[in-house]
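We name chains A, B, ... by the order of the sequence lines, and we start the count at 1 in each one.
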Amino acid sequence: MQDAYDPAAVEREAQHFWRERNSFRSIEDPARPKFYCLSMFPYPSGKLHMGHVRNYTIGDVLTRHHRMRGFNVLQPMGWDAFGLPAENAAMANKVPPAKWTYDNIAYMKGQLQGLGFALDWERELATCRPDYYKWNQWLFTRLFRKGLAYKKTGVVNWDPVDQTVLANEQVIEGRGWRTGAPVEKREIPMYFLRITAYAEELLAALDHLPGWPEQVKLMQKNWIGRSEGVRVGFPYELNKEQRTLWVFTTRADTLMGATFCAVAAEHPIATFASRRDPKVQAFVEECKRGPAMEAELAQVEKKGLPTGVFVSHPITHEKLPVWVANYVLMGYGEGAVMAVPAHDERDYEFALKYGLPIRPVIRHPLGDSVPAPWKPEYAEPGVCINSGPYDGMDYQTAVDAIAADLTDKSLGEKQVQWRLRDWGISRQRYWGCPVPIVHCPSCGDVPVPDAELPVKLPEHLVPDGTGNPLARLPEFYETKCPACGKAARRETDTMDTFVDSSWYFARFCCPGQDGAMVDARAKYWMPVDQYIGGIEHAILHLLYSRFFQRVMRDEGLLDVVEPFTNLLTQGMVLAESYYTDANGRREWINPAEVEVTRDAKGKIASARTRDGRPVVYDGIGTMSKSKNNGVDPQALIEKYGADTARFYIIFASPPTNTLEWSDESVEGSFRFLKRVWAYALKYSQAAHQGEASRQARFEIHSVLKQANYDLQKHQFNTVASAAMKILNALEKIPGRNPASEEGLSILLRLLSPITPHIAHHLWRELQFGDDIMAASWPEPDAAALEQDEVELVVQVNGKLRGSIRVPKAADRGAIEGLALANPNVQKFVAGQNVKKVVVVPGRLVNLVV
RNA sequence: GCCGGAAUGGCGGAACCGGUAGACGCAGCGGACUCAAAAUCCGCCGGUGGCAACACCAUGAGAGUUCGAGUCUCUCUUCCGGCACCA
């Protein structure tokens, strides 16, 4: 055995062993329980970042652990290869996105292999390959024929200088990122997927996902946003024509307090009013120019103007003014609301600002009136007042009565409203999956027939930031109508990349299948038993995948409904950032270049660059290029090896927490692996002697018991701690005896999912077996955990005052007696009555005086 | 703004069902080895008081429930994720 731990040699040899034996190839085997473990596939951005390393290490620990527990495991890997960054890189380097993407994939694949992940590379896929995106297109044409994919207008960010659509990310403070021009909103025709048709099912099924974190289910529930309410019609006359303004409200009980209505800038009433009133026109224009993003929209000052249109109240027939307001969204409900200033905070502020009437109609906890300023109690449901026939009714009675009266007049009914909107998938971009539609002057939008799929994306183009280059490529867009054969124009929009990632997990089950989207093998592997990825995907990606799975079920492709049985949402990887300040210009210094001096207590006293310039500590945050605080996994692997990188990432933090990077702690993980090696070396050279110590076995098996429990809970950081504790216990055993042999075998097996290379090497070196992955997972020995005596803590009034050792079988009386006999306990009990004695078996005694 | 989280020593974190707060590690301090350094090994390590035994304080802040609260309930503060075209 080598004296020193040489990670590079150990890792090379272990990876060679796995490759030779094809260790990670997965084959369907109905005789064994299957475990499909999947980490979210990466976007091939260039090189791996620490978030990837963390994600795939967590997945690998789960995969290898399950494998040793006898599961038939599948852990595949692929590439979410379409997307915006490739176009940006193409513009910067004048290289086609395809070449950039394929080069990145090749490099990152090498990095993943170097980390020793147990991946079945025969199943590798890239979403930018025609054999993958063909099935996006195939499914789209089916949804289109069913009406689940349809065309309507959608709002986009428009850069008027570059004449191009911008992603939200490309809008910086309301301006285009390249041109600096104020971004405009624009409505363009797009294709939508009717996810709202599945809203009810997507919501209800959340209650049957016990393997998902509650917080994710709650976020999805709120996102889907089911609310029960009443659709209310306010009749009005426009150009001598009778019309109805429809609104949705969850507070129909407050209808008698409605004093005006407000509509979105895009609402027909606003359009009408802007034609006859230049002020309204200017305001509508202003609203349309405003931000398209909800987060920004919600922050803008609430403003409005009267449209001059009046509607009549459906119960009282009172004339109410209609305002156009920037806080009403066209995308939600009817694009119009009834305003009840007395019982809605936003309406209240709007009414105060513009002097509109405020009419209280609900008795709230603070009384019957609603004096300024606004108080949250005003919005609480209560008994109706000033409401004519509805006076005295409570919330539900009033809603029911008002809904019934409205139904009688054909001016409303109860309605369920969803916050969820249909999914707009058209992107005016080159590097994506072409939407398989042909626009024919006589036949309209015609889906491309199966025989002509895939519609291949030309891979040689270089975008220039001014629109989609496909729209300037006649070879691509000039085509014939599949229905009538006349000249027609091919759609040049591509699909949202979320389409690609909504079903890739099913495709991993069916490598090589070119005759169908998925085949029978998907029925064996699906659903994914364990899915792992960042919490930032809690809503969109996970909801779209759940939607797609149902769509695929309804196409008869799969039986499974929920794609992911268990979900683990990992935290982000953070690092400190530092900068030097030269005349107000910040230069960001990579933490690796910063030297920190500490005071006697270990607190940071000062920090400077290696060449002595003082730096400012800017706190801890996500690793980013802009703050130059990324830690390159490759440098880490080269310095310490993959096992140290993996161990550190697992040890530093539980998977769901954020992980704050620390170079010193990495050093500590490396030290631990060196100690494991040193111990194995000492063990291999020691002579057999003595018997197993009872105490050592107790320690090791107690730690193992806890570690197995922690593995179940996915609390892997304490499993790494457990390995350290076992090594500490082993080092206390003199020489080599049955306890050290057993303990070392447990240690290596416990470590093997986390640090597979060193575990593999030592397992063979010390002749525990041929392949540690074929070994069984260690279980604690009940006999080793037996104890004759236990230590109990003694409290007086809940405060710790001492401890006693009692025989395991001691009864209450004996325990009480021993506790009272403890001198320090006596000090606190002396002269007082013991009112109550609480005995928690195996833990403590509490004397209440 | 709305939705969802998080907060424990100098730092990362542990504490299973409400039952010894600080496991394990990092940093720091002291020592051994060394000509010296690195590496390695041993010891100490929340705060205040005390020679010590020990006592008091302490889990973001404030209240509450309980024999007993880091853990449960309420209010607040700060930070983080998402908000539909970043992935």
Side-chain angles (χ1 to χ4, degrees), chain A residues 40 42-43 45 80 83-85 154 156-157 165-171 213-216 218-219 221-223 225 292-300 327 331 346 420-421 423-429 496-498 501 534-541 543-544 569 571-572 574 596 598-604 619-622 651-654 656-669 671-672 674-675 678 706 709-710 713 715 717-718 720-725 728 791-800 803 824 827 835-838 840 843-844 846-849:
Chain A
M40 291 180 184
Y43 178 79
S45 55
D80 188 13
L84 198 56
V156 294
N157 306 303
V165 176
L166 297 179
N168 285 342
E169 192 191 48
Q170 297 170 316
V171 181
E214 287 304 321
Q215 60 157 314
V216 174
L218 195 53
M219 278 192 267
K221 181 175 179 241
N222 292 336
W223 183 265
M293 288 164 263
E294 192 182 318
E296 287 187 36
L297 210 58
Q299 321 249 26
V300 300
Y327 68 85
R346 223 167 29 182
L420 183 69
R421 308 199 295 259
W423 174 15
I425 58 154
S426 294
R427 297 291 179 269
Q428 299 67 45
R429 281 205 201 100
D496 181 359
T497 57
F498 274 126
S501 55
I535 182 70
E536 67 272 18
H537 293 292
I539 295 173
L540 294 179
H541 164 60
L543 189 61
Y544 291 150
T569 50
M572 323 247 301
L574 310 179
V596 168
R598 291 171 194 275
D599 64 16
K601 291 204 164 182
K603 274 192 205 171
I604 295 178
I620 206 142
T622 54
F651 175 64
S653 184
T656 51
N657 273 28
T658 54
L659 189 159
E660 294 175 23
W661 196 264
S662 153
D663 284 326
E664 288 99 339
S665 292
V666 174
E667 198 72 50
S669 297
R671 201 165 358 197
F672 167 67
K674 282 194 288 189
R675 273 176 61 209
Q706 181 66 44
Y709 179 77
D710 292 346
K713 283 197 307 177
Q715 189 170 292
N717 56 323
T718 48
S721 295
M724 290 174 155
K725 288 178 187 173
N728 291 346
E791 186 168 289
L792 293 187
V793 157
V794 185
Q795 296 180 333
V796 180
N797 287 346
K799 291 217 169 215
L800 176 68
S803 68
N824 202 48
K827 234 166 70 186
K835 281 195 294 192
K836 187 174 170 186
V837 180
V838 182
V840 183
R843 287 209 175 260
L844 60 73
N846 188 15
L847 306 167
V848 186
V849 299

Taking atom P in both B/A84 and B/C79, compute the distance separating them and give it to the nearest angstrom. 23 Å

For B/C17, does the glycosidic angle fall within 90° of 0 (syn) or outside that (anti)? syn

With distance as the sole criterion, do the side chain of A/Gln706 and the base of B/C16 form a donor-acceptor contact below 3.5 Å? yes

Provide the distance between the two P atoms, one in B/C44 and one in B/C26, to the nearest whole Å. 15 Å

For B/C54, the Watson-Crick or wobble partner whose two distances fall under 3.5 Å: B/G49

Using Watson-Crick or G-U wobble geometry with both distances below 3.5 Å, tell me the partner of B/C86, or none. none

Return the pairing partner of B/G28 with a 3.5 Å limit on both distances, Watson-Crick or G-U wobble; otherwise return none. B/C44

How far, in whole Å, is B/U48 from B/A63 if one measures between their C1' atoms? 26 Å

Using heavy-atom distances to pick each residue's nearest nucleotide on RNA chain B, tell me which of A/Glu294 and A/Phe498 is more 5'. A/Glu294

Quick one: do the A/Ser653 and A/Asn717 side chains pair a donor with an acceptor below 3.5 Å? no

B/G22 pairs with, by Watson-Crick or G-U criteria that keep both distances under 3.5 Å: none

Both A/Met724 and A/Glu169 contact RNA chain B. Which one's nearest nucleotide lies toward the 5' end? A/Met724

Write down the partner of B/C72 under the Watson-Crick or G-U wobble criteria, each distance required to be under 3.5 Å. B/G64

Which pair of heavy atoms, one from A/Val849 and one from A/Val796, lies closest together, and at what distance? CG2-CG1, 4.2 Å

Side-chain donor-acceptor contact under 3.5 Å, A/Asn824 with A/Lys827: yes

Considering Watson-Crick and G-U wobble pairs with both distances under 3.5 Å, what does B/G4 pair with? B/C80

